[in-house]
Amino acid sequence: MMKFDKDKLILGAAGPVLALVTSFVLTVLVLLATGLDPIEPIRLMIDNAGFADIQVLIVNQTGIYYLAALAVAIGFRMNLFNIGVDGQYRLAAMVSALVGASIELPGPLHILVIVVVAMLTGAFWAGIAGILKTTRGVSEVVSTIMLNAIATSLVAWLILPKNFGVQPEGSNNLTTGEISESGWFPGIDMGEGNGVIYGFTFVALALGVVYWFALNRTRFGFDLRATGASESAAQASGVDAKKMVLTAMLLSGALAGLAGMPTLLGDSHTYSLDFPVGVGFTAITIALLGRNHPVGILFASLLFAFLDKASSNLDVYGYPKEITKIMQGIIVIAVVVSYELVRRYGLRRQQQKVGEELAAGGAIKTDKEVAA
């Protein structure tokens, strides 16, 4: 029978709850300081979330954030900070869109090729940082940030009309050309005017289950977590730490490459200048708030998707949409501070319990000596 650890559960939930409460309070204070009603924007967002079309947007955005946050979480479980998820995501979307628009294949095979190309591109871009870390000791934080900048420039160069880009007639936008219908991932039509739930959203949820199983029920997951906890200890027990670092970066990049697939295969069917950006950076906050657990990441993704999509018409009522950006920024700070406070409390609590157990053991021993 599995032992239920109440203290572990409470401490695990305390960090996210404290972060969310703190961010809410600080956001209210910011709105009060600017002379705005602190409660009305939240009420408006909740009302907006009651409309079916907004709900579809929230669900679709949740799937995108979920994939990107899983990519970040894999690195975090290895004590790696893959800051380059955004660059890996955009480059993978760009390259897979180019390949998808240039080939004609039967439906399932066409989709499979696009998805595989996206994963390989994301893994390749993240693998550069992994190789630099394992062979030269270069911090993955520095290398992935630099690779983000390189990816941005590379995408901008590739999409030029003189290279691989296409400029639609009468438009200033640049695209990679449209993927034929055989490469579209089917979704669920929610009715006229309500939009379509991306089919790839369900793939994202399935990958969350795979992530949990691989990390918690396989030898690979144990080695990955052990290496993240102590690279030297893992290496002493026979784990190839450098191989695990490189593998984690490759898997993280592959998942980052998939983060663009819901939009590419379910909506835009092309990569263009207005393709969503900043997904990878938001995913870092989501992974932290979700404690790198697939269920926690799912709820954090849903929260951020709600903040993004339900705030679309706040400016109509005189409230700046940037309120949600303030809330998201405050959540980042609150997560770091609250988790550190919870960690310190947990250590003190653990020390206290050990002291109590040692004291109880000493008392039992004394009673036995008296009885003897």
Side-chain angles (χ1 to χ4, degrees), residues 66-96 115-152 154-155 204 207-261 279-281 283-284 286-288 290 292-294 297:
Y66 192 58
L67 284 168
L70 287 178
V72 175
I74 287 179
F76 282 164
R77 295 302 295 266
M78 264 287 297
N79 204 23
L80 295 170
F81 292 85
N82 182 7
I83 311 298
V85 166
D86 201 66
Q88 296 150 20
Y89 146 81
R90 285 186 288 118
L91 186 62
M94 167 74 174
V95 174
S96 60
V115 169
V116 170
V117 169
M119 293 179 68
L120 291 176
T121 304
F124 168 75
W125 207 245
I128 296 174
I131 291 172
L132 288 173
K133 183 174 181 66
T134 54
T135 60
R136 299 297 180 184
V138 178
S139 169
E140 74 281 0
V141 176
V142 175
S143 59
T144 51
I145 288 175
M146 294 178 68
L147 284 166
N148 274 340
I150 296 171
T152 300
L154 184 56
V155 167
L207 287 172
V209 177
V210 174
Y211 166 88
W212 175 85
F213 182 83
L215 283 183
N216 296 283
R217 293 291 185 268
T218 66
R219 173 59 187 269
F220 166 77
F222 175 80
D223 289 347
L224 188 144
R225 288 183 286 112
T227 307
S230 175
E231 189 172 320
S232 57
Q235 196 152 356
S237 63
V239 178
D240 188 338
K242 289 186 176 181
K243 180 181 177 181
M244 292 305 301
V245 167
L246 181 57
T247 302
M249 287 300 294
L250 290 172
L251 288 174
S252 180
L255 271 176
L258 289 179
M261 294 301 98
V279 171
F281 298 111
I284 296 172
I286 292 172
L288 287 171
N292 301 321
H293 191 281
I297 292 173

Novice: Between Ile297 and Leu70, is a side-chain contact (heavy atoms from CB on, under 4.5 Å) present by the stated rule, with each step listed?
Specialist: CA-CA 8 Å; Ile297 292 173; Leu70 287 178; 4.1 Å; yes

Novice: Can you name the nearest heavy-atom pair linking Ala92 to Gly122, along with the distance?
Specialist: CB-N, 4.0 Å

Novice: Show every side-chain hydrogen bond (donor to acceptor under 3.5 Å, both in side chains) that has at least one partner inside residues 245-260, sequence neighbours left out.
Specialist: Asn82-Ser252

Novice: So which heavy atom on Trp212 is nearest to which on Pro294, and how close?
Specialist: CB-CG, 3.6 Å

Novice: What pairs meet the salt bridge (charged side-chain N to carboxylate O under 4.0 Å, His left out) rule with one or both residues in residues 68-88, with sequence neighbours excluded?
Specialist: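 Listed once each, the pairs are Asp86-Arg90.
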
Novice: Mind checking what makes side chain to side chain contact (heavy atoms under 4.5 Å, CB included) contact with Ser237, not counting sequence neighbours?
Specialist: Val239

Novice: Mind checking what makes side chain to side chain contact (heavy atoms under 4.5 Å, CB included) contact with Ala129, not counting sequence neighbours?
Specialist: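 Side chain to side chain contact (heavy atoms under 4.5 Å, CB included) check on Ala129 returns Ser143, Thr144, Leu147, Met249.
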
Novice: With sequence neighbours left out, what residues match Arg219 under salt bridge (charged side-chain N to carboxylate O under 4.0 Å, His left out)?
Specialist: Asp223

Novice: Closest heavy-atom contact between Val279 and Ala68?
Specialist: CG1-CB, 3.7 Å

Novice: Could you tell me the separation between the CZ atom of Phe220 and the CE atom of Met244, rounded to the nearest 0.5 Å?
Specialist: 4.5 Å

Novice: Scan residues 225-251 for pairs that pass salt bridge (charged side-chain N to carboxylate O under 4.0 Å, His left out), counting only residues two or more places apart or in two chains.
Specialist: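 The answer is none; no pair qualifies.
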
Novice: Could you work out, with ring pair (Phe, Tyr, Trp, His ring centres under 6.0 Å) as the rule, every residue matching Phe124, not counting sequence neighbours?
Specialist: none

Novice: Under the ring pair (Phe, Tyr, Trp, His ring centres under 6.0 Å) test, which residues partner Phe81, sequence neighbours left out?
Specialist: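 Residues passing ring pair (Phe, Tyr, Trp, His ring centres under 6.0 Å) with Phe81: Phe76.
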
Novice: Which residues pass the side chain to side chain contact (heavy atoms under 4.5 Å, CB included) test with Leu154, not counting sequence neighbours?
Specialist: Leu91, Trp125, Trp157, Leu158

Novice: Which atoms form the tightest heavy-atom contact between Val117 and Thr121, and what is the distance?
Specialist: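 So the two residues come closest at O-OG1, 2.7 Å.
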
Novice: Rounded to the nearest 0.5 Å, how far does CD1 of Ile74 lie from CG of Leu215?
Specialist: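 It is 6.5 Å, given to the nearest 0.5 Å.
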
Novice: Do you know the tightest heavy-atom contact between Ala287 and Val72?
Specialist: CB-CG1, 3.8 Å

Novice: Does any pair with a residue in residues 116-135 pass salt bridge (charged side-chain N to carboxylate O under 4.0 Å, His left out), and if so which ones, sequence neighbours excluded?
Specialist: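 Non-adjacent pairs meeting salt bridge (charged side-chain N to carboxylate O under 4.0 Å, His left out): Lys133-Glu140.
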
Novice: So how far is it from Met78 CE to Leu246 CG, rounded to the nearest 0.5 Å?
Specialist: 9.5 Å

Novice: Can you give me the closest heavy-atom contact between Gln88 and Gly253, atom names plus distance?
Specialist: OE1-CA, 3.6 Å

Novice: Could you tell me which residues satisfy side chain to side chain contact (heavy atoms under 4.5 Å, CB included) with Met119, sequence neighbours excluded, listed by chain and number?
Specialist: Val115, Ala254, Leu258

Novice: Measure the OH-CG distance between Tyr89 and Asn148 for me, rounded to the nearest 0.5 Å.
Specialist: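 CG of Asn148 is found 12.5 Å from OH of Tyr89.
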
Novice: Measuring from atom CG of Leu255 to atom CG of Leu250, what distance do you get when rounded to the nearest 0.5 angstrom?
Specialist: 11.5 Å

Novice: Looking at CZ of Phe222 and OG1 of Thr227, how far apart are the two atoms once the value is rounded to the nearest 0.5 Å?
Specialist: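 Phe222 atom CZ to Thr227 atom OG1 measures 9.0 Å (nearest 0.5 Å).
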
